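Only one structure is covered here, and it is reproduced in the block below.
Computed from a prediction, not measured in an experiment: that's the story for all the values here. A, B, ... follow the sequence lines: proteins, then strands. Residue 1 opens every chain.
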2 protein chains.
Amino acid sequence: MTARKEPISRRDRPAKPALSRRWIVDTAVRIMRAEGLEKATMRRLAQELDTGPASLYVYVANTAELHAAVLDRLLGEVDLTGRDSEQDWREQLRAVMVSYTRVLFEHPPLARAALVARPSGENYLRLVERVLDLLSRSGASREQVAWGLDKLLQDATATAAEHATQGHDPTSEDDWDATVRALHAVDATTHPAITAHMPALISGTMPDRIRWSFDVLIYGITHTPVPGATD
Amino acid sequence: MTARKEPISRRDRPAKPALSRRWIVDTAVRIMRAEGLEKATMRRLAQELDTGPASLYVYVANTAELHAAVLDRLLGEVDLTGRDSEQDWREQLRAVMVSYTRVLFEHPPLARAALVARPSGENYLRLVERVLDLLSRSGASREQVAWGLDKLLQDATATAAEHATQGHDPTSEDDWDATVRALHAVDATTHPAITAHMPALISGTMPDRIRWSFDVLIYGITHTPVPGATD
DNA sequence: ACCTGAACACCGTTCAAGT
DNA sequence: ACCTGAACACCGTTCAAGT
């Protein structure tokens, strides 16, 4: 606690805050919001925190763990309350999933990180608790509810992860466009099914597709028994 | 065609094959099989092809496009034929999806790449054609079949992408383990639903979960009409 | 016209050496 | 004991300059 260094160095710049896991994650979130997750690198973080990259490894094991921590922080923004007027578990669950999807849609690289490094923070557990609670009101078996949770979260996460639009500038939107072009360019003789389904393959707004996916999963989950389940 | 250089340099090493997109992708596939997709970098590829990295950009636009090409090459291994004895479209489709999943499971980084850079190569189109053909035999509407295709491929791709096991050495399996530990450590008072569903949340073998997911999706897809569909 | 050496602007992670 | 400078071993992509 006793100052060993010259007080002058203290006045030169604002007091450098002590490094901590919390402060590192806070900074990573700030950089991600301003410039995207890809800029929240160990080196950049160290620079921002006025230290060397090696120092960060005292508080986080590696980049994957850091990104998992950032994800959990973001999951705190998911709205878990249903509207009070809404009594139906299905619509409350839909609202939670829409909120979760919306949060991930703002940061697709984070959705991709979520597919690799499974989260396990407190906000993730809160989300899991809420989804299980709502889904169990369907009357489906415990096994169906438990396995169904994974499918719901996986579907939303994968949909957000696919939503590339790297810099959402229209110059580099070639990705989905290339697939659409390939589907259109297909020969009707060699690919009759693609030709027959052509308008529908690329139809639908994102909200419509997300709504339909949710309905598909809920219907499937509540009607498909888990193999070997005892109840 | 006329030799301008000393013949001696020709004898020093085997003739350097002419660069081509095909040869680049072949080499990337070879490196991926031997050491994983993460080693199939532009620089490593250039080294392997005895040139500088800049030369590759004459044939591939960037790393994402290269990985998409590698994925399409791998998709050539997906078994699209159902067994002859099997007449049921559902079981034939299941076999195709299991084969697709199996191919991606051998290279999870490729599954992750597939979620980002949508493929559009010939083997991808062959797979799409086959899945649409089989799924349309369910009698579901064109819209349900078209949107259902996306869900089936997305589910299998995301499941493979999640299957991290980076170097499949047991020392770094902390990832899913951490989630399991977090679920177990949860307080029964604050997280009653997690506690109630606990055994089921982590139960099930991968084949059982994959089989159930397929059944959930097929049931949901064939029973959920697409909003605003005309047929 | 076609190709590429060399440079630019970065990465993650480790470990010996400092305080 | 705790922290970190500097190094190691890489990246993707571009562009001026060569053949």
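When the C1' atom of dG12(D) is taken as reference, atom CD of Q47(B) falls 16 Å away, rounded to whole Å. Distance, K39(A) NZ to dG12(D) C1': 12 Å, rounded to whole Å. We find that CZ of R43(A) is positioned 12 Å from P of dG5(D), with the value rounded to whole Å. Note: CG (L45(A)) to P (dC10(C)) measures 15 Å, nearest angstrom. If you take CE of M42(B) and C1' of dC3(C), they are 15 Å apart, rounded to a whole angstrom. Rounded to whole angstrom, the span from the CD1 atom of I31(B) across to the P atom of dC10(D) amounts to 13 Å. For the pair D50(B) CG and dC3(C) C1', the computed distance is 14 Å after rounding to whole Å.
Taking for each of A40(A) and P53(B) the nucleotide of DNA chain C with the nearest heavy atom, the 5'-most of the two is the partner of P53(B). Projected onto DNA chain C by closest heavy-atom contact, S55(B) and N62(A) fall at different nucleotides, the more 5' of which corresponds to S55(B).
An OP1 or OP2 oxygen of dT13(D) is reached within less than 4.0 angstrom by a side-chain nitrogen or oxygen of T63(B). Close to dC10(D), at under 4.0 Å from its OP1 or OP2, lies no side-chain N or O of T41(B). Contact annotation: Y57(B) does not reach the phosphate of dT4(C) (side-chain N/O to OP1 or OP2, under 4.0 Å).
Each of M97(B), R94(B), M206(B) was scored for a side chain to side chain contact (heavy atoms under 4.5 Å, CB included) with R211(B), with one residue passing: R94(B). For the salt bridge (charged side-chain N to carboxylate O under 4.0 Å, His left out) with E77(A), the lone residue among R33(A), R126(A), R102(A) that qualifies is R33(A). Exactly one residue among T157(B), V103(B), L75(B), L37(B) makes a side chain to side chain contact (heavy atoms under 4.5 Å, CB included) with L110(B). That residue is L37(B).
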Structure string for DNA chain D in dot-bracket form, Watson-Crick and G-U at under 3.5 Å, | interchain
||.|||||...|||||.||
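Atom CZ of R22(B) is surrounded by 12 or fewer heavy atoms from other residues, nucleotides or ligands within 6.0 Å. Counted within 6.0 Å of CZ on R209(A), heavy atoms from surrounding residues, nucleotides or ligands total more than 12; the atom is thus considered enclosed.
Checking dC11(D), dT14(C), dC3(C) against every side-chain atom of R44(B), the shortest atom distance belongs to dC11(D). For V58(A), whose side chain is taken as the heavy atoms from C-beta onward, the closest listed nucleotide among dC3(D), dC11(C), dG12(C) is dC3(D). Between dC15(C), dC15(D), dG12(C), one nucleotide has an atom nearer to the side chain of A54(A) than all others, and that is dC15(C).
Judged purely by atom type and a 3.5 angstrom limit, W23(B) has no side-chain atom pairing as donor or acceptor with the backbone of A18(B).
Scanning all heavy atoms of the two residues, the minimum distance from A111(B) to A160(B) falls at CB-CB, 3.8 Å.
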